[in-house]
Amino acid sequence: MEKLTILPRVHERPHRRYQHPLLRVALVLGLIIVSGYAGLLMAFQAPNSRTSCPKVPIDAQQIVDKCANLDIQPSPPADFYTRKQSDRYVPGTKPVLIKNASIWTGNVDGVEVVLGDLFLDKGIIRAVGEVPVHMLDDLHHVTVIDANGSWVTPGIVDLHSHLGDQSSPKLSGAADTNSRKGLVQPWLRSLDGLNTHDDAYMLSISGGVTTANVLPGSANAIGGQAFIIKLRPTAERSPSSMLLEPPFTFNGSGIEEVQPPRWRQLKQACGENPSRVYSGTRMDTIWAYRQGYEEARKLKTKQDAYCAKALTGQWEGLGDFPQDLQWEALVDVLRGKVKIQNHCYEAVDLDGIVRLTNEFKFPIAAFHHAHEAYLVPNLLKKAYGQTPAIAMFATKARYKRESYRGSEFAPRILADNGIRVVMKSDHPVIDSRFLMHEAQQAHYYGLPDNLALSSVTSTPAQVMGQGHRIGFIRIGYDADVVLWDSHPLAIGAIPKQVFIDGIAQLQNPTVISKPEALQHAPKTPDFEKETEAALKYDGLPPLEPRESISSAVVFHNFSSLFLYNEDHVEQVFAVETYVGPPQIAVMQNGRLSCVGSSEACSMNLDMNTRTIDLRGGSVA
Ligand SMILES: *[C@@H]1O[C@H](CO)[C@@H](O)[C@H](O)[C@H]1NC(C)=O
Ligand SMILES: *[C@@H]1O[C@H](CO)[C@@H](O)[C@H](O)[C@H]1NC(C)=O
Ligand SMILES: *[C@@H]1O[C@H](CO)[C@@H](O)[C@H](O)[C@H]1NC(C)=O
Ligand SMILES: *[C@@H]1O[C@H](CO)[C@@H](O)[C@H](O)[C@H]1NC(C)=O
């Protein structure tokens, strides 16, 4: 009996993509037992007889490979972690030694801080803390920066941006974020609208942003594929050259995928936006999703049936591998190879998508905006696969009906429930230059400092499937780092320098020295009561102002006071130069009526007068 064997080449084999495909034909008697690559390597029997030749297609090896690799999950190649140079390294880039820095690494849940030096070379981080002497042999080629203890963090990673697709400053005719040609369009690509001339790249870099996930807009249920970019200019000046680890097939449909594959990104949206654009309702949107995923499921079933035959050598009449350019991205979703970034606000919408994930069996990487997510943590945990992260604004809510129950305390409540929190810009909705400000505000309203910093660095990096190279300061990671003028969570923190792929991005940055008080994470108020109220009132705690029953308000414990004097502003009180009894300022009927000691100013005050401790603040 003749037997024909075609062995699937599996991705562990080095350089397989450069090998000429070889048919391995073995003529043996009896059963062929192939062992080794458990479950992947199989023996294949051609359906032939003693007398006829098997009809094996000329590209049988490619088909078998494709089939064997169909469900391999995205991951970096095995030798990635020992790389000595980044694929994005620009030859000629000088190594950089940052001395004496307070390095927030992102490690250990974001609590690790290393005091010491940082060495960047060949586009990657080569040393953290102590730099081995041999690395610095060539010291005259190294750019040395004395950080004087300043904070250094990984570059900011924006999980949700429209940078390049939607211009900022706004330019009419330069909005390529939304297609209005259908509710479900997984075949669209944000890359096709990426304008390389947008001023916002440099502006955002000046705020510390180094990487952004550029998503299509939210007009559709499935708006298209997203692409990750690094913000720096490239020598090629093209959109494609800005991409970070694009899927291998991004520039063609016949390209043989290198194994293991890279993560793909997909934008989905539910709720008011798709309803508004398509004059439909939530019911129409969810049905459109189900229709789309049903197409994908059918195609996947066909592919799997095809491969079952190919892998057992049943070549007779097999034909071509079933493929469809419009649905291939959703098939990859069903094969677990896509990070879905899902714009979704209310419990009703989150519930709809959670049901969809369980019906078609695919995970959601993150729900975006998600202003009601903090009210339904247990619903989120019912999503298929890993619980989605929540990517949101810190305080920007109530800008439309579906965002009305948003809460400043949501990040903290979600974190308390063990859900990963990301701050994102939705640039230009929030200018991504100020993305760190979102983390600062989330921190102010109760998100712990380690998680607040992670929310714009390591967490989004992991959620977009790039946690193996960005979002942390670790040896071998991309040399994307920010040197700050204060603790990054202190309001007003500004980068002194930003490195992308080891290249300094800011030319002649203005560097001022900030006071020591700003070199630590700020203390934050106790918002326990307010946090409980947000939950108790289902996101709508009573916000009525306190009724005033006195005509006066008294401010005390201020450190400075400024008054308008005819045509200029004058500082009339400064605590540093003042000796005497504590000063108060009395506002009566909306006007400043007295500044002085409480004795001098106490006329006209009654029992109901409200006093406000400004805790060293300022009155103007
Ligand atoms: C560190 O201090 C030196 C000396 O004052 C100064 O020249 C340098 O700019 C400082 N470095 C940074 C990163 O601010
Ligand atoms: C690091 O910088 C801080 C702040 O300027 C300084 O006090 C300290 O001595 C420096 N340490 C080293 C090792 O240079
Ligand atoms: C297109 O993608 C393939 C696979 O990643 C790559 O080998 C090739 O260099 C790319 N071509 C261009 C022009 O980027
Ligand atoms: C004034 O404010 C500070 C905080 O800045 C606080 O520590 C102090 O107790 C306050 N003083 C009074 C008299 O309330």
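We count ligands from 1, going down the list as the structure has it; atoms in each ligand are counted the same way.
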Asks: Dump the pairs for me: ligand 2 N or O, protein N or O, distance under 3.5 Å, to 0.1 Å.
Replies:
residue	atom	partner	partner atom	Å
ligand 2	2 (O)	Asn100	ND2	2.3
ligand 2	5 (O)	Asn148	O	3.3
ligand 2	11 (N)	Asn100	ND2	2.9
ligand 2	14 (O)	Asn100	ND2	3.3

Asks: Report the part of Gln497 (side chain from C-beta onward, or backbone N, CA, C, O) that has a heavy atom under 4.0 Å from ligand 1; answer both or neither where that applies.
Replies: neither
Asks: Please identify each residue that fulfils side-chain hydrogen bond (donor to acceptor under 3.5 Å, both in side chains) with His443, with sequence neighbours left out.
Replies: none
Asks: For the side chain of Arg433 and the backbone of Ser206, is there at least one donor-acceptor N/O pair under 3.5 Å apart?
Replies: no
Asks: Give the numbers and elements of all ligand 4 atoms closer than 4.0 Å to a heavy atom of Asp613.
Replies: 14 (O)
Asks: List every atom of ligand 1 that sits less than 4.0 Å from any heavy atom of Lys496, numbering the atoms from 1 in the order shown and giving each element.
Replies: 12 (C), 13 (C), 14 (O)
Asks: Asp538 vs Arg405, test: side-chain contact (heavy atoms from CB on, under 4.5 Å). Steps then yes/no.
Replies: CA-CA 7 Å; Asp538 218 10; Arg405 287 171 199 265; 3.7 Å; yes
Asks: Ignoring hydrogens and angles, tell me if any N or O in the side chain of Gln85 forms a donor-acceptor pair with the backbone of Gly123 under 3.5 Å.
Replies: no
Asks: If the condition is side-chain hydrogen bond (donor to acceptor under 3.5 Å, both in side chains), which residues does His568 pass it with, not counting sequence neighbours?
Replies: Glu570
Asks: Under 3.5 Å between some N or O of ligand 4 and some N or O of Asn557?
Replies: yes
Asks: Begin with the C-alpha distance, continue with both residues' side-chain angles, and end with the deciding distance and a verdict on ring pair (Phe, Tyr, Trp, His ring centres under 6.0 Å) for Tyr374 and Phe409.
Replies: CA-CA 9 Å; Tyr374 74 102; Phe409 310 107; 9.0 Å; no
Asks: Run the side-chain hydrogen bond (donor to acceptor under 3.5 Å, both in side chains) test against Thr457 and tell me which residues pass, sequence neighbours left out.
Replies: none
Asks: What is the ring orientation for Phe527 with Tyr444, classed by angle as parallel under 30°, tilted 30 to 60°, or perpendicular over 60°?
Replies: perpendicular
